[in-house]
Amino acid sequence: MSNRQNTRILVTSALPYINGVKHMGNLAGSMLPADVYSRAMRLLGHEVLYICATDEHGTPAELAAAETGLSVSEYCDKMHEAQKAAGANFKLSYDYFGRSSSEATHRLTQEFAIALEANGFIEERTSQQVYSVADRRYLPDRYVEGTCPNCGFESARGDQCDNCGKLLDPVDLINPYSAVSGSHDVEIRDTNHLYLKQSDMSGRLRDWVETHRADWPALTTSIAIKWLDEGLRDRAITRDLSWGVPVVDADGKVRAGFEGKVFYVWFDAPIAYIGATRDWAKETGGDWEKFWRLDKGAEDTRYIQFMGKDNVAFHTLSFPTTIMGSGQPWKLVDELKAFNWVTWYGGKFSTSQKRGVFMDKAIDIAPSDYWRWHLMANAPESSDAAFTWEDFQASVNSDLANVLGNFVNRITSYCVKKFDGAVPAGGSITEAEKWLEAELDERLPRLVEFYEAREFRKAMAETRAIWAAGNEYLTQAAPWTHYKSDVDQAAMGVRVGLNLVALFGVLAQPIIPDAAEKILAAMSIPEENRTWNFRGGESCMNALPIAHPVSAPPVLFTKIEADDIDAWTERFGGAG
RNA sequence: GGUGAGGUAGCUCAGCUGGUUAGAGCGCAGGACUCAUAAUCCUGAGGUCGAGAGUUCAAGUCUCUCUCUCACUACCA
């Protein structure tokens, strides 16, 4: 493990939309795994840059702002800070949490569009769109409602009827009205938009996706191939809105006929990955180009994207079309990690029906470590994963409190009581130490492999198994039994046990950073000794110097009681 | 409707290119221990791998049909 090459790694997680605080499923499906991965890679000595940002444009932001009485810009300022704070509460270790509304992203978006048009990948076309006279705005399909021509349902949305499920075109709705104001004064107008000619890129996209069949998860490639098989359609990348990136010509002036139009959020949102990196560079003096420009060192960067499955098409097809079509040496993603959904007792999260927990409330209920551990140990990697309070309780009580917390407590407090809180010398190697060494030699490399492969459930299970091995070792070594007749031999068990506490703290860092910090502080482990330079089980068992001071940390994990579950179910909904 | 993913012990899930008695954690039962957050450790019970058919010396693993669940279906993001 010692001769691993240090790599430069760029990590991005799908941009959370500006409206509202995200629920635990959003956290589990992109930001949290990206964070755990970034932390692990940093510990392994890699150069990691983890970038995320709020996705701020689009109709929903405009409407939400109007409801609060704030300007869109003020509203976004406020919500950006709220999301930033929520991320901080969950200890998301972004190197930079930017905004798609930043100057850098605006300029890049415009530059990409100009380059794409010069290369023939953008075309101006006319389409029909519903315009609401009362609202003085064009309405996205789902903001137009009316009677379903198929089943007669009276409040069918323009994109799909909630009653019969049929896909609709808003133009076909009978008696259409604006979902924003309820006004029936709506009309169909012709409007010009820029289209990204994804169809012309199909061949190159397919070749590129095919080369990754082996190293991308099946979830990722199957979705991309599905879209390609159905035939990529050209996609409008502008909208009739005022809040967003203006459409300009090469001279920087608004494009003729595009007054009152901006780029579609899904054109500029992924570009915000680059924009946010530039903003990071501006703020820190870092070099953004070595992460993004192939001609400036990005050939040596490994770029990994984290996202929910709904985002796969945009990251495997649309954004790559933008990158490839620009004809410029931009970095394409190397590896994608896509997640399924976390469901709420098998159903959907729903704010209106009080079903589900959102990041701001979740942190009031339980410490971030609890959520981080449970969501990663039960990550929706191969299929949707059901969240239940009972499972949450089991993860926290069994894995964190009983296996890890109790281990740390039992051996540190014993050391304080019997060995004056100092790592004791003495004793000889027994079967117990040999067993433990073999166990660590097998499990530590495997753990690292799981992290590198971004197999989160397996990495968590392996971590837990290592913690459990500590308890098993203590049972075998039984220092409390030896203490009665052979204090030196008891010292052996205590010393190795304390080394395990330090090791467990080191291993816990990417997942449960707060608890890890408490453990490492109680063990007085200096910063430079907290990295993942494992040199085999034997050295892990003898890392602490003799007489090194040790204290017993306060209870690390308070258990979740049945009463808590009842109260939370009452407050947030559950099986009922 | 189309497409994709999934249906493996009571629960949540592993099982790579098919190969001895199908695995883990939780839960459950019994035992051990007493340093510890009534914790921990050991042992055990529990599955005809959604249904049916086929290919093969051999299928949870490949093919087909059926069935159930979930997701996506391009102007929500």
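None of the values given here were measured: they were computed from a predicted structure. In what follows, every chain begins at residue 1, and chains take the letters A, B, ... in the order their sequences are listed. As a basis for the values below, the full set of heavy atoms in this structure was taken, side chains included, without hydrogen atoms, waters or symmetry mates.
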| field | Opposite nucleotide pairing with B:rG44, Watson-Crick or G-U, both atom distances under 3.5 Å | value | B:rC28
| request: Give a yes or no on whether the backbone of A:E449 and the side-chain of A:E452 come within a donor-acceptor separation of less than 3.5 Å. | output: no
| field | Which nucleotide in B:rA77, B:rU37, B:rA36 has an atom nearest any side-chain atom of A:A401 | value | B:rU37
| field | Donor-acceptor pair, side chain of A:E124 and main chain of A:N192, under 3.5 angstrom | value | no
| task | Would you classify A:T59 as touching base, sugar-phosphate or nothing, given that sugar-phosphate means primed atoms plus P, OP1 and OP2, and contacts are heavy atoms under 4.0 Å? | result | sugar-phosphate
| task | Assign A:K417 to base, sugar-phosphate, or nothing according to its heavy-atom contacts below 4.0 angstrom with the strands shown. | result | sugar-phosphate
| message | Nearest to the A:A394 side chain among B:rC26, B:rC72, B:rA77, which nucleotide is it? | response | B:rC26
| query | Can you find a donor-acceptor pair, distance only, under 3.5 Å between A:N409 side chain and B:rA36 base? | reply | no
| request: Select base, sugar-phosphate, or nothing to describe what A:G405 touches, counting heavy atoms under 4.0 Å on all strands. | output: base
| Does A:Q129 make a side-chain donor-acceptor contact with the base of B:rC75, cut-off 3.5 Å? | yes
| query | Contact class for A:A269 vs. all strands (heavy atom < 4.0 Å): base, sugar-phosphate, or nothing? | reply | nothing
| Is the distance between the ring centroids of A:Y273 and A:H315 less than 6.0 Å? | yes
| task | Report yes if the side chains of A:M201 and A:L232 come closer than 4.5 Å at any heavy-atom pair, otherwise no. | result | no
| For A:W480 and B:rC35, are the ring centres under 5.5 Å apart with planes inclined under 30°? | yes
| said: By the 4.0 Å heavy-atom rule, please label A:F557 as base, sugar-phosphate, or nothing. | reply: base
| query | Would you say the side chain of A:H57 lies within less than 4.5 Å of the side chain of A:R239, judging by non-hydrogen atoms? | reply | no
| message | Please classify the nucleic acid contact of A:A385 as base, sugar-phosphate, or nothing, using heavy-atom distances under 4.0 Å. | response | sugar-phosphate
| task | Give one of base, sugar-phosphate or nothing for A:F314, where a contact means two heavy atoms less than 4.0 Å apart. | result | base
| Closest to the A:Y264 side chain: B:rA74, B:rA77, B:rA39? | B:rA77
| note | Across every strand shown, the nucleotide meeting Watson-Crick or G-U wobble geometry with B:rG54 (both distances under 3.5 Å) is B:rC62
| task | Consider the side chain of A:S222, meaning its heavy atoms from C-beta on, and name the nucleotide among B:rG4, B:rU40, B:rC72 that approaches it most closely. | result | B:rG4
| message | As a test of reading the structure: which of B:rU37, B:rG4, B:rC75 is closest to the side chain of A:V555, going by heavy atoms? | response | B:rU37
| said: What contact category does A:L556 fall into here, base, sugar-phosphate, or nothing, at under 4.0 angstrom with non-hydrogen atoms? | reply: base
| Closest to the A:R235 side chain: B:rC75, B:rC70, B:rC76? | B:rC75
| A:W266 CH2 to B:rC75 P: how many Å, rounded? | 12 Å
| Just checking A:N471: base, sugar-phosphate only, or nothing, at a heavy-atom cut-off of under 4.0 Å? | sugar-phosphate
